[in-house]
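Note sheet for the following structure.
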Amino acid sequence: MTEQTTPPFLEVRNLAKRFATRQGREPSPWVIRDLSFTVNEGEFLTLIGPSGSGKSTLLNMIAQVDVANSGEIVFGGDVIGVSDSKSLRPGLDRRIGYVTQDDNLLPWRTTLDNVLFPLEVQGRLDEKSRAHAETLIKAVGLSGYEKYYPHELSGGMRKRTSLIRTLVYDPPVILMDEPFAAVDAQTRIQLQEDLLRLWEMGRKTIIFVTHDIAEAIALGDRTLVLTKQPTRIASDHKIPFKRPRNVKDIFALEGFATVYETIRKEIQ
Amino acid sequence: MTAIQEVVVAPAGPFLSKRMLIILGRCFFAVLLLWAWQWSADEFGMIFFAPPLAVLQRLYEMAISGEMLQHVWATLRVSAIGFVIALVAGLALPFALRLSHRLTEAVEPYVLWSQGIPKYALAPWLILWFGIGDTPKIVIVVLMVFYVIFITTFAGIRAVDRRLINMARILGANETVISREVIWKSMQPFFYSGLKVALPRAVGATIVGEFLVSTQGVGYYIEHARELSDTVGVFAGIVLATGLVLVINGIVEKMERIALAWRPQDREMSH
Amino acid sequence: MKRYRVLADRIVVLIVLIGLWQLASLYFGTYWVSTPWLTISRFFVSTFSGEMLRHAGYTVEEALVGAVIGAVPAIILPFLLRRMPAWVSVLDPFMVGGYGAPKLALAPLFILWFGIGIESKIALVASVVFFIEYFSTLSGVRSLDAKLVQMAQLVGASESQVARHIVFPGAVPHIFSGLRIALPYGIGAAVIAELISSNRGLGYLVQIGAMNFDITQVFAAILGATVVVLAVGWVVDETEKLLLRWRPPADNALQQVNA
């Protein structure tokens with residue numbers, strides 16, 4: 001769809017972040033510094049870094065729920081400042097979806113009502129969008145659980161709910177912060193397959209943060225390796241495997257071991 | 001142990017039989033209390049203890065003559081008016097304070113200190129000022145209830161998960177929607193625990209107010225009976241007041257269970 | 001910097017509040033609303049002449065004796081019943097009923113039984129304190145960490161050692177949060193009983209002031225009662241802090257929810 005000459009879909013430029021310094025203490029170290037990268041439209045970008053690298057902070061800043069100290073984000077042709085807390089626009093007018101590490105489902109809403117929540121608050125709840133929501137619920141195998149409260153669902157089901165809650169309102173970019181970190185290995189593979197299937201349906205732009213190398217390779221078109229504090233981009237890998245992919249068999253693919261080893265060595 | 005007995009007992013299982021034991025124990029305890037009451041009446045005499053049956057008979061007479069309804073209605077009317085005023089103020093103020101952190105910090109100590117004022121002690125002054133109508137009682141009820149609602153609401157707003165608010169913002173919710181859908185909903189447990197304290201307290205405050213000044217109401221009935229040394233009347237009035245408050249408690253708890261069905265613990269309890 | 005700003009804000013609020021009070025007394029007349037100055041000066045005169053102290057001491061005595069009589073069994077009972085959950089269940093509806101019942105409505109009954117002296121006030125305070133403290137202690141005994149008990153049993157602690165070293169320290173915060181609610185409430189109950197019928201105490205002082213249309217005395221006595229309530233609350237807080245040094249500092253806002 002996009003030509004090679006068009007500017008990137010989303011660009012992060014020279015982002016830097018340090019937390020506020022307490023009075024009388026030494027200035028706190030930089031969490032993120034000189035961080036720049038680009039994402040193309042419809043690209044599945046995975047970011048991988050050691051724990052403690054400012055991965056969540058980075059996504060928070062792109063999602064505009066946290067301020068940067070300097071830097072900017074270019075998105076859809078607009079240059080967006082991210083260093084003034086007063087001008088932050090969380091979710092940037094619903095164009096940036098964010099699947100956080102915790103599912104953050106509203107505990108007093110059922111599965112269906114949680115999925116419909118964004119449509120409701122955006123005033124877009126109608127027959128068509130409701131049908132779309134139901135399709136998504138079916139697609140991830142949550143049919144029959146529509147009337148359940150979050151505490152009655154398993155961890156994997158809650159993840160699926162929070163995933164389709166973001167997909168349901170169709171934001172062009174979706175950020176994902178280790179969404180599958182807290183579930184068991186079996187469920188994780190299923191969730192990854194669900195995610196890939198949903199992505200094949202719509203080909204959104206996804207920025208997916210993980211600390212699991214296999215996950216980064218299995219899901220991504222491209223993988224960026226982050227350094228430890230202060231976080232920067234260490235390297236950029238194109239993942240050569242054809243789609244649609246089968247997550248379970250990813251280890252058996254020719255060339256997987258080479259990519260895996262290369263990335264593993266780059267993560268300090 | 002015959003075979004038949006075993007067959008009969010076995011399906012019940014240890015759980016049910018334990019349940020039965022508890023129910024039996026409760027019945028036994030209730031009978032014990034009634035017996036102690038009767039015994040006290042015999043031992044100390046009618047002036048100090050009205051026998052249970054006499055109290056029951058008095059309540060029955062009150063119910064038949066319509067006197068009961070009249071007193072209960074008077075008490076509930078004052079409680080309800082005061083309660084609603086306090087509820088509105090106690091809810092609105094914390095939501096208003098949410099807009100200014102600075103104002104919250106500035107008024108916080110005074111709100112906490114003023115909590116220490118024994119509100120009932122204002123009654124004689126209020127009676128002087130407003131006369132013997134409903135107004136002084138309503139003011140007392142408002143003061144008693146307001147603090148409970150205000151503080152539970154305040155704590156509830158503070159305890160809202162910041163992540164849920166952020167999430168709602170990302171999904172496109174504006175501040176009004178966030179107040180209604182995230183903050184109001186997530187402070188429901190606080191709201192109900194406040195309600196459970198506040199509603200009985202509203203009735204209790206009305207009754208105490210009626211002790212001090214009134215011409216009708218459950219509190220008036222009790223105090224009037226005491227002045228006439230009508231011990232049966234005192235007991236009947238107290239039983240009536242207790243019943244009234246317990247019924248209100250039951251209603252609030254039922255409401256809470258329905259409203260908070262989404263919470264894990266409440267779910268388990270209702271099963 | 002910020003601390004001074006908060007302090008300055010609070011002083012401004014205080015001045016505004018006192019100003020409003022003064023305005024109210026100007027508007028309605030000191031006959032209905034005494035002025036801040038008259039109230040404060042009467043409070044101090046009365047305190048130094050010993051009158052206020054005598055009445056306050058009487059009220060505090062009622063509240064403290066009543067609180068001890070009410071709280072001691074309320075604290076002991078859940079510990080005795082710890083190993084007998086069935087008994088707790090048997091008692092439960094009666095305790096819930098007693099907790100919910102309007103104890104202040106019992107005031108006329110206690111006056112009937114014990115007369116208008118100190119005994120009726122003590123009984124009322126005890127009945128108020130007992131149920132609040134019972135449920136606080138019970139929740140403390142129940143919230144006990146089963147893993148800690150297991151650990152203690154593994155290292156060879158006896159039943160009474162478990163009670164003393166594991167259950168009791170764990171329940172102390174709950175006991176205190178109960179007292180934090182029950183004691184001010186108990187003082188309130190004592191004052192109410194004094195209002196209804198008494199010949200001494202702060203409630204009596206208020207009542208007498210109202211009878212003589214001496215609003216300054218009413219206000220000064222209410223101020224005295226408030227000071228007593230706040231002082232008792234402060235003592236409870238400080239004692240708790242002293243006893244609970246091992247606890248991480250917690251947000252106190254929640255503990256005051258039921259106050």
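All values derive from a computational prediction rather than experimental measurement. In what follows, every chain begins at residue 1, and chains take the letters A, B, ... in the order their sequences are listed.
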Taking the side chain as every heavy atom from C-beta outward, state whether [X] and [Y] have any pair of such atoms under 4.5 Å apart.
| X | Y | answer |
| --- | --- | --- |
| C:I196 | B:E223 | yes |
| C:V90 | B:F28 | no |
| C:S89 | B:R26 | yes |
| C:L104 | B:Y120 | yes |
| C:V206 | B:W125 | no |
| C:L195 | B:P124 | yes |

Structural part of [X] lying under 4.5 Å from a heavy atom of chain B:
| X | result |
| --- | --- |
| C:Y31 | neither |
| C:I187 | neither |
| C:I111 | side chain |

Residues of residues 230-238 of chain B within contact distance of chain C, non-hydrogen under 4.5 Å: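 Within residues 230-238 of chain B, the residues that come under 4.5 Å of chain C (heavy atoms only) are B:T231, B:V234, B:F235, B:I238.
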
Hey, what do you get for CZ (C:R5) to CZ (B:R102), rounding to the nearest 0.5 Å?
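CZ of B:R102 is found 4.5 Å from CZ of C:R5.
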
**Item:** Exercise: identify the closest heavy-atom pair between C:F213 and B:L128
**Value:**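 Of all heavy-atom pairs spanning C:F213 and B:L128, the closest is CE2-CD2, 3.2 Å.
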
Note to self: One pair to check against ring pair (Phe, Tyr, Trp, His ring centres under 6.0 Å): B:F44 and C:W113. What are the steps and the verdict?
What the structure shows: CA-CA 10 Å; B:F44 298 108; C:W113 286 345; 8.4 Å; no

